Amino acid sequence: MAASQAMVKKYAGALYNIAVQKEDVKEVSGQLHYMRAVLKAVPEFSQLLITRRVSAKNKLAILTNVLGDKISTLEKDLISHLLEDGHFLLLVDIVKRFEYLVETDSSVIKVRITSHRQLGQEEIQRISSKIEDQLSKRVDVQTEIDPSLLGGIKLRVGNTLIDSSVSSRLHKLRDALVQV
């Protein structure tokens, strides 16, 4: 397992460095997510790319025909190397590691605000300003509505979840009362 993690770090690091050099990190990230979504949506396609019955050259040709211009030469090269080296199964982990590198090295961090109702622009701006001040990074805010929260909000800042929703507080209170 440690060897595969080392391979994931190697591939993701190389991909990230090339994307940074080309000043194309956001585009590469989008294309990687697109590839991952296609592979997840069509499991038979993933199986075709994993099988040993089809040559790496033919797999790459099929992939190029299916994805067309939705991916760049950089992603095609990555997949070509993964197919030739027999490491295609690492693609999902490489995409995750790439995203981790983007988040940790970026001056922008993704924030998802989940609330029980639509928040006003002023509320969103106040929350994002506080997060920007705390982390010294710009925030890319996405909002989501979940009526089951009853009140309060959930914040996902990068990989950290902060849950101050009423439903979460009620669950904690219930759990505390059950233990008594």
Side-chain angles (χ1 to χ4, degrees), residues 1-43 45-52 54-114 124 127-144 154-162:
M1 191 66 166
S4 65
Q5 276 303 96
M7 295 297 288
V8 166
K9 287 181 179 182
K10 177 183 137 188
Y11 279 114
L15 185 64
Y16 181 73
N17 288 337
I18 292 169
V20 168
Q21 287 173 358
K22 291 185 173 188
E23 296 180 358
D24 206 15
V25 174
K26 190 171 186 172
E27 185 71 24
V28 171
S29 179
Q31 291 168 344
L32 288 173
H33 281 287
Y34 175 76
M35 280 190 329
R36 187 170 70 178
V38 168
L39 294 171
K40 187 176 183 180
V42 186
F45 189 51
S46 295
Q47 289 299 317
L48 172 73
L49 295 172
I50 294 169
T51 186
R52 294 177 188 234
V54 180
S55 71
K57 181 180 177 182
N58 288 340
K59 289 177 187 178
L60 191 58
I62 292 167
L63 186 75
T64 302
N65 286 336
V66 170
L67 297 178
D69 61 348
K70 298 287 186 189
I71 61 171
S72 71
T73 306
L74 182 60
E75 291 81 26
K76 289 177 189 172
D77 288 345
L78 170 69
I79 290 178
S80 175
H81 286 292
L82 291 173
L83 290 171
E84 289 171 4
D85 297 341
H87 297 300
F88 186 77
L89 290 173
L90 299 177
L91 181 64
V92 172
D93 291 332
I94 291 170
V95 173
K96 287 178 185 175
R97 179 70 183 178
F98 181 86
E99 287 304 313
Y100 169 78
L101 292 172
V102 169
E103 275 190 23
T104 57
D105 198 32
S106 176
S107 63
V108 178
I109 191 161
K110 293 180 183 178
V111 174
R112 187 173 66 221
I113 304 172
T114 307
I124 294 170
I127 293 167
S128 63
S129 293
K130 286 185 178 183
I131 295 170
E132 285 176 348
D133 291 343
Q134 289 289 319
L135 300 178
S136 300
K137 291 187 175 191
R138 288 191 353 250
V139 295
D140 177 16
V141 177
Q142 298 174 346
T143 59
E144 194 174 280
K154 283 185 185 179
L155 288 176
R156 178 166 296 278
V157 181
N159 290 331
T160 305
L161 178 65
I162 303 165

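No experiment lies behind these values; they were computed from the predicted model shown. We count residues from 1, following the sequence as given.
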Sequence neighbours left out, what passes side-chain hydrogen bond (donor to acceptor under 3.5 Å, both in side chains) with Thr143? Give chain and number order.
-> none
The criterion is side-chain contact (heavy atoms from CB on, under 4.5 Å); which residues satisfy it with [X], sequence neighbours excluded?
X: Lys57; result: Ser55
X: Lys9; result: Arg97
X: Ser129; result: Gln125

Could you state the interatomic distance from CD1 (Ile62) to CG (Leu48), rounded to the nearest 0.5 Å?
-> 4.5 Å
From OG1 (Thr114) to CD1 (Ile162), nearest 0.5 Å = 12.0 Å
Which atom pairs, one a donor and one an acceptor, fall under 3.5 Å between side chains of residues 30-40 and the rest of the protein, sequence neighbours left out?
unit_1, atom_1, unit_2, atom_2, d
Gln31, OE1, Ser72, OG, 3.3
Gln31, NE2, Glu27, OE2, 3.2
His33, ND1, Arg36, NH2, 3.3
His33, NE2, Glu99, OE2, 3.2

For Glu144, the salt bridge (Lys or Arg N to Asp or Glu O under 4.0 Å) test, sequence neighbours excluded, returns Arg112
Show every donor-acceptor pair shorter than 3.5 Å between a side-chain atom in residues 79-90 and any protein atom, with sequence neighbours excluded, or say none if there are none.
unit_1, atom_1, unit_2, atom_2, d
Ser80, OG, Glu84, OE2, 3.3
Asp85, OD2, Tyr11, OH, 2.8
His87, NE2, Asp85, O, 3.4

Taking side chain as C-beta onward, heavy atoms only, is Ile131 less than 4.5 Å from Leu155?
-> yes
Taking all heavy atoms of Ala12 and all of Ile94, pick out the closest pair and write down the distance.
-> CB-O, 3.8 Å
List the atom of Tyr16, the atom of Phe98, and the distance in Å for their closest heavy-atom pair.
-> CA-CE1, 3.5 Å
Check: Lys76 side chain, Leu60 main-chain N or O, donor-acceptor pair, under 3.5 Å | no
Exceeds 12 heavy-atom contacts within 6.0 angstrom, atom CZ of Phe45 = yes
